[in-house]
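All remarks here apply to the structure that follows.
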Amino acid sequence: QQKLRQRDAWIRSISENIAGGLFRTDPTGRIEYANRALARMLGVEDEAELIGRDLTALYTNSVQQGRMLAEEGADGAEVTFERRDESTFVGLLSAEAVYDAEGRVLHYDGVITDIAEQKQTQRELAQSEALTRSVLDALAANVAVLDGDGTIIEVNAQWEHFGRENEGDPNAIGEGNNYLDACEGPSSGNVVPGPSIRDDLRAVIDGEKDFFEHEYPCHGPEEKRWFLLRATPLGRAEGGAVVAHINVTERVQSARQQR
């Protein structure tokens with residue numbers, strides 16, 4: 001019995017010092033055991049206050065109430081819980097049913113992990129991506145972002161529009177395609193072919209050049225146009241580049257008229 005008491009004390013010590021909210025409920029979802037972390041999450045001073053309470057009644061979503069601890073338990077379900085002070089937090093709930101010899105549920109053992117910081121990080125990332133997209137789409141230039149292999153990972157709306165209007169192959173210059181490979185093919189919207197162009201872009205991607213510029217004609221059927229291809233490093237360890245095609249037709253025509 002002494003060994004059993006020591007084992008129980010050891011298990012309790014572990015459960016009380018773990019960051020996740022551990023619990024055990026009866027088959028109906030009423031709490032039989034809760035550790036200190038779960039009490040803190042739910043805004044109560046003593047875990048004893050949780051004993052006998054229906055865990056699912058603490059969900060803010062009435063549709064989920066009474067359903068998360070079904071026979072099969074719950075595996076990594078996101079649940080919003082209400083604390084005593086009526087504030088809320090998002091938790092990741094995992095539970096497993098323990099059965100008797102006849103296959104009846106004895107209890108559920110589980111853990112709740114507070115993922116509020118993770119959800120906040122996800123929101124901030126989504127906001128950052130939306131801001132980046134808005135900035136890119138506001139630019140008049142045709143812009144593409146390349147990874148360290150030269151693969152296009154993002155383009156702005158102007159890039160897509162210009163490609164469509166100028167016979168650009170979406171299978172060559174769209175997201176997920178390799179821009180360096182496209183430079184080995186024929187000239188088309190947003191692509192300037194040539195091995196020297198490819199090599200200079202490669203140098204920028206690898207961080208061997210601070211920038212690369214190349215002015216080139218890109219005449220349409222009814223107008224003459226000139227563009228400036230400008231590439232700058234993406235500024236990350238794995239390499240990459242930002243490629244912009246800037247319409248410089250007015251400047252070129254003005255310079256020619258002054259000659």
Side-chain angles (χ1 to χ4, degrees), residues 1-137 153-154 236:
Q1 288 187 351
Q2 182 179 358
K3 288 184 178 180
L4 183 60
R5 286 195 297 271
Q6 290 175 342
R7 180 176 178 276
D8 289 344
W10 176 65
I11 293 174
R12 179 169 290 276
S13 176
I14 293 175
S15 67
E16 291 305 325
N17 287 283
I18 198 169
L22 302 180
F23 65 85
R24 170 173 286 182
T25 74
D26 67 13
T28 67
R30 296 197 172 276
I31 300 172
E32 295 180 338
Y33 166 78
N35 70 345
R36 192 175 298 121
L38 184 59
R40 287 196 299 267
M41 286 182 192
L42 295 173
V44 299
E45 296 182 1
D46 191 334
E47 54 266 37
E49 298 180 49
L50 296 174
I51 304 304
R53 295 190 63 181
D54 181 358
L55 179 64
T56 68
L58 302 176
Y59 305 161
T60 60
N61 187 340
S62 60
V63 176
Q64 292 180 325
Q65 290 175 359
R67 298 179 55 189
M68 297 304 294
L69 295 180
E71 283 288 323
E72 67 277 9
D75 183 16
E78 286 190 12
V79 180
T80 302
F81 293 89
E82 182 175 357
R83 299 188 180 94
R84 170 173 287 181
D85 63 3
E86 297 185 353
S87 64
T88 61
F89 74 94
V90 180
L92 190 66
L93 183 149
S94 297
E96 184 174 350
V98 178
Y99 301 93
D100 63 16
E102 298 179 1
R104 292 178 299 220
V105 176
L106 289 174
H107 51 256
Y108 293 96
D109 289 331
V111 60
I112 298 170
T113 305
D114 188 342
I115 57 173
E117 289 188 9
Q118 176 184 331
K119 300 296 287 185
Q120 178 62 24
T121 300
Q122 290 174 347
R123 286 193 293 270
E124 291 175 355
L125 179 60
Q127 291 171 354
S128 176
E129 291 176 345
L131 177 60
T132 300
R133 166 56 61 181
S134 296
V135 171
L136 283 175
D137 287 346
I153 56 176
E154 191 163 4
R236 58 183 190 178

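All residue numbers refer to positions in the sequence shown, counting from 1.
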Q) Once you round to the nearest 0.5 Å, how far does OG1 of T113 lie from CG of L92? A) 5.5 Å

Q: Report yes if the side chains of L38 and L50 come closer than 4.5 Å at any heavy-atom pair, otherwise no.
A: yes

Q. Are side-chain heavy atoms of L55 and R30 found at a separation under 4.5 Å?
A. no

**Q.** Min side-chain heavy-atom separation L42-F81 under 4.5 Å
**A.** yes

Q: Please report the closest heavy-atom contact between G20 and A37, naming both atoms and the distance.
A: O-CB, 3.4 Å

Q.
Between S87 and R83 (side chain of the first, backbone of the second, donor and acceptor by atom type, cut-off under 3.5 Å), is there such a pair?
A. no

Q | Beyond-backbone contact of H107 with D26, side-chain heavy atoms, under 4.5 angstrom | A | no

Q.
I want to check something: taking the side chain as every heavy atom from C-beta on, are F89 and M41 in contact at a cut-off of under 4.5 Å?
A. yes

Q: Indicate yes or no: does E154 engage R133 in a salt bridge with an N to O separation below 4.0 Å.
A: yes

Q.
Restricting to non-hydrogen atoms, name the atom on Y108 and the atom on A97 that form the minimum distance, rounded to 0.1 Å.
A. CE2-CB, 3.5 Å

Q) Under the salt bridge (Lys or Arg N to Asp or Glu O under 4.0 Å) rule, what pairs show up with a residue in residues 107-132, not counting sequence neighbours? A) R24-D109, E78-K119

(Q) Once rounded to the nearest 0.5 Å, what's the spacing between atom OG1 of T56 and atom CD1 of I31? (A) 9.5 Å

Q.
Does any part of the side chain of E49, heavy atoms only, come nearer than 4.5 Å to the side chain of R84, both counted from C-beta?
A. yes

Q | With D100 via salt bridge (Lys or Arg N to Asp or Glu O under 4.0 Å) - residues at least two apart | A | R104

Q) Out of curiosity, E32 CD to F23 CZ, how far, rounded to the nearest 0.5 Å? A) 11.5 Å

Q | Heavy-atom check, side chain of L58 versus side chain of R53, under 4.5 Å | A | yes

